[in-house]
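Computed over heavy atoms, backbone and side chain alike; hydrogens, waters and symmetry mates excluded. Every chain is numbered from 1, with letters handed out A, B, ... down the list of sequences.
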Number of protein chains: 2
Amino acid sequence: MPGKGQRARAAIVEVASDLFYRQGYGATSYADIAVRTGFGKGNIHYYFNSKEELLKAVAEMRMEKYRKLLEQWSLECGPPYDCLERIVSLFEKNAGDLAKYGCPIGTLNDELGKNNPELQEEARQMMDIFLRWLEARFRALLPPDEARDHAEQLLAMAQGAALLAHAYRDPGLVKRQADAARHWLSKICENEPHA
Amino acid sequence: MPGKGQRARAAIVEVASDLFYRQGYGATSYADIAVRTGFGKGNIHYYFNSKEELLKAVAEMRMEKYRKLLEQWSLECGPPYDCLERIVSLFEKNAGDLAKYGCPIGTLNDELGKNNPELQEEARQMMDIFLRWLEARFRALLPPDEARDHAEQLLAMAQGAALLAHAYRDPGLVKRQADAARHWLSKICENEPHA
DNA sequence: AATATTATAGTACGGTCGTACAATCGTCAA
DNA sequence: TTGACGATTGTACGACCGTACTATAATATT
């Protein structure tokens with residue numbers, strides 16, 4: 001079992017990640033995190049000397065999760081379509097939260113992109129994890145340059161669907177886009193069976 | 001010619017719109033607007049009693065522009081494909097700004113969606129102008145429910161492309177997605193010539 | 001048990017923001 | 001020319017934020 005400090009640190013990161021997602025990075029204060037963790041405000045600064053450090057810790061924690069999830073998917077799932085379809089299902093399953101808060105990765109990139117290039121770099125890396133994973137899957141079906149294009153395309157569909165669902169507060173939008181994405185995927189997979 | 005006050009008011013709205021786009025709504029202060037307009041800080045509050053009012057004025061100004069643009073397109077352009085393709089070209093033409101600042105409509109929805117439901121309503125209306133226009137165009141090709149779906153899909157592609165281009169600071173991403181969108185559009189237009 | 005180190009809390013500082021307000025300026029009608 | 005009113009300015013207030021600092025409690029080490 002990790003030491004007391006490690007557990008407190010992890011708890012702070014977990015709460016911060018949740019608040020950054022639901023309220024945004026800029027709108028989340030140390031005070032908010034203090035209340036939600038039960039720790040005093042000063043204690044959070046003891047673990048993270050600045051808000052930027054805290055965001056970086058959150059980003060690392062999230063990326064760890066994403067990497068593990070995708071790595072497992074790479075092992076588990078069979079034909080490329082089934083593998084790629086999991087990403088679509090992941091979005092569909094989270095349609096409710098996407099409509100309420102948007103995509104955790106997309107909205108963070110958006111927020112940090114305008115005024116915080118250094119921190120946005122962290123958010124971009126989260127996006128890149130998914131982009132590269134998708135590209136690797138598409139390489140089983142398509143030549144390299146087309147694989148990259150298709151990965152961008154699927155990710156753009158997902159991000160666009162999340163953004164619109166958030167704008168309209170309508171989870172149904174995610175579901176409709178998911179169906180469209182599956183249709184698009186199935187056409188690609190039958191056109192190029194084993195390239 | 002409009003009175004002095006009207007011109008000052010319009011100038012403030014114009015500057016605010018630009019800063020809201022490039023820095024975001026939250027990160028733009030009255031002081032910023034004062035510097036850029038040359039007016040004193042207090043004078044801006046003379047025209048707009050609150051920042052919320054200012055955003056609403058910006059939203060109305062933008063919507064006026066969008067509505068006029070789309071109305072003109074509705075009149076000018078011929079077959080549905082040419083008409084729809086204009087939206088794609090609009091995004092492509094602005095690829096540079098999209099990569100730097102994201103989509104003016106999408107990023108505003110994103111920012112306001114998390115903490116400012118009332119103001120996000122304004123941003124959503126901007127999105128709706130485009131969605132409804134797209135839906136109307138698709139109705140020339142498809143049955144009503146499919147038209148709505150396709151409008152959502154094209155808008156999602158565009159928003160997703162802008163978000164990714166912003167995240168990666170890569171205008172090329174917009175261009176690649178624009179080509180993909182054109183391909184998608186052309187398939188729809190040839191499948192259903194005159195539904 | 002004594003001590004050093006880690007963990008936690010509370011508070012105060014400097015800065016910025018949106019807003020309010022009082023004072024001044026410009027302009028044009030009476 | 002005076003006066004009224006719209007336009008403009010500068011400043012001050014209260015709130016909140018990230019951060020720094022000091023003191024205290026808990027834990028570990030010797």
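By the 4.0 Å N-to-carboxylate-O rule, B:Glu111 lies too far from A:Lys114 to be salt-bridged with it. Checked for salt-bridge contact, A:Asp32 and A:Arg36 miss the test: no charged N lies under 4.0 Å from a carboxylate O. A salt bridge between A:Asp179 and A:Arg176 is absent, with no side-chain N of the basic residue lying under 4.0 Å from a carboxylate O of the acidic one.
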**Q.** Contact state string [nucleotides 19-29 of chain C, B base, S sugar-phosphate only, - no protein heavy atom under 4.0 Å]
**A.** BB---------
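Whole-Å rounding puts the B:Leu54 CG to C:dC17 P distance at 15 Å. A:Ile33 has its CD1 atom 12 Å from the C1' atom of D:dC17, to the nearest Å. Spacing between atom CD of A:Gln6 and atom C1' of C:dT8 amounts to 16 Å, rounded to whole angstrom units. Look at CD on B:Gln23: it is 10 Å from P on C:dC17, rounded to the nearest Å. Remark: P of D:dT9 and CD1 of B:Ile44 are 9 Å apart, rounded to the nearest angstrom.
With hydrogens and angles left out, the side-chain atoms of B:Arg137 and B:Ser74 include a donor and acceptor closer than 3.5 Å.
Between B:Tyr47 and D:dG6 there is no side-chain polar atom (N or O) within less than 4.0 angstrom of OP1 or OP2. For B:Tyr46 and D:dT8, the shortest distance from a side-chain N or O to OP1 or OP2 is not below 4.0 Å.
Relative ring orientation between B:Phe138 and B:His150 is described as tilted, the plane-to-plane angle lying within the 30° to 60° band.
Backbone-only engagement by B:Gly38 is indicated by non-hydrogen atom pairs under 4.0 Å involving sugar-phosphate atoms exclusively. Counting any heavy atom pair closer than 4.0 Å across all strands shown, A:Ala8 reaches sugar-phosphate atoms only and no base atom. Contact annotation for A:Thr28: backbone-only contact, meaning every heavy-atom pair under 4.0 Å involves sugar-phosphate atoms and none involves a base. At a threshold of 4.0 angstrom between heavy atoms, the contacts of A:Phe39 are confined to the sugar-phosphate backbone, with no base atom among them.
Within 6.0 Å of atom CD in B:Glu53, more than 12 heavy atoms from other residues, nucleotides or ligands are found, so the atom counts as buried in its surroundings.
Annotation: cation-pi geometry not satisfied between B:Lys56 and B:Phe48 (NZ/CZ under 6.0 angstrom from ring centroid, within 45° of ring axis).
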